[in-house]
Amino acid sequence: QVQLVESGGGLVQAGGSLRLSCAASGSIDSIPTIGWYRQAPGKQRELVAVITNGITKYTDSVKGRFTISRDNAKNTVYLQMNSLKPEDTAVYYCNAHVITSMASLLNVWGQGTQVTVSS
């Protein structure tokens, strides 16, 4: 009914940049909250950045380097990642709280995209 499709992951050198995209589709009325998580091997999944009711928040380790934004006309959220470090290496997941056209509430996850930062 609702899907999130991610793109933009890849391999980049330390200090480089990547931009992740996540496009939502389906019977969507609104997306009050949408953001990015990441999970490295052997570690817990952590929240990276989120937009909720128009307000952006970031985990401390990415503040000043990452920027989350959204294009409501395209139902797409972006994560601009600058000054990348090897410790940013992880699978990045898009997540959204969606209000459907039938007024139901869904918690939806993307499939994940690999980001690898080499030293």
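Of the possible donor and acceptor atoms, one in the side chain of T89 sits under 3.5 Å from a partner among the backbone N and O of V117. Side chain of Y58 to backbone of R65: no donor-acceptor contact under 3.5 angstrom is found. Side chain of Q114 to backbone of G9: no donor-acceptor contact under 3.5 angstrom is found. Between the T100 side chain and the M102 main chain, a donor and an acceptor come within less than 3.5 Å of each other. A donor-acceptor pair under 3.5 Å is absent between the side-chain atoms of N95 and the main chain of I34, judged by distance alone.
Here W109 sits in one hydrophobic cluster together with Y37, L47, V50, V91, Y93; the rule is ILVMFWY side chains under 4.5 Å apart, joined directly or through other members.
Here K63 pairs with D60 under the salt bridge (charged side-chain N to carboxylate O under 4.0 Å, His left out) rule; sequence neighbours left out.
Interatomic distance, C94 SG to Y78 OH, rounded to the nearest 0.5 Å: 11.5 Å. Separation of atoms CD (E87) and OG (S61) is listed at 8.5 Å; rounding is to 0.5 Å.
V115 and M81 make their closest contact through CG2-CE, 3.9 Å (heavy atoms, listed as atom of the first residue, atom of the second, distance). The nearest pair of heavy atoms linking I68 to G35 is CD1-CA, 3.9 Å. The two atoms that bring Q111 and E6 nearest to each other are N-OE1, 2.9 Å, heavy atoms only. V48 and L79 get closest at one heavy-atom pair: CG1-CD2, 4.4 Å.
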Item checked: Step-by-step side chain to side chain contact (heavy atoms under 4.5 Å, CB included) determination, I51 to W36 -> CA-CA 9 Å; I51 301 176; W36 294 90; over 6 Å; no
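The hydrophobic clustering, which links ILVMFWY residues whose side-chain heavy atoms are closer than 4.5 Å, places I99 and V2 apart.
Other residues, nucleotides and ligands place no more than 12 heavy atoms under 6.0 Å from the CD atom of Q3.
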Pairs of donor and acceptor atoms involving the side chains of residues 10-27, under 3.5 Å and at least two apart or interchain, shall be tabulated with distances.
from : atom 1 : to  : atom 2 : distance (Å)
S17  : OG     : N82 : OD1    : 2.8
S27  : OG     : Q1  : NE2    : 3.0

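With contacts defined as side-chain heavy-atom distances shorter than 4.5 Å, the pair P32/N53 qualifies.
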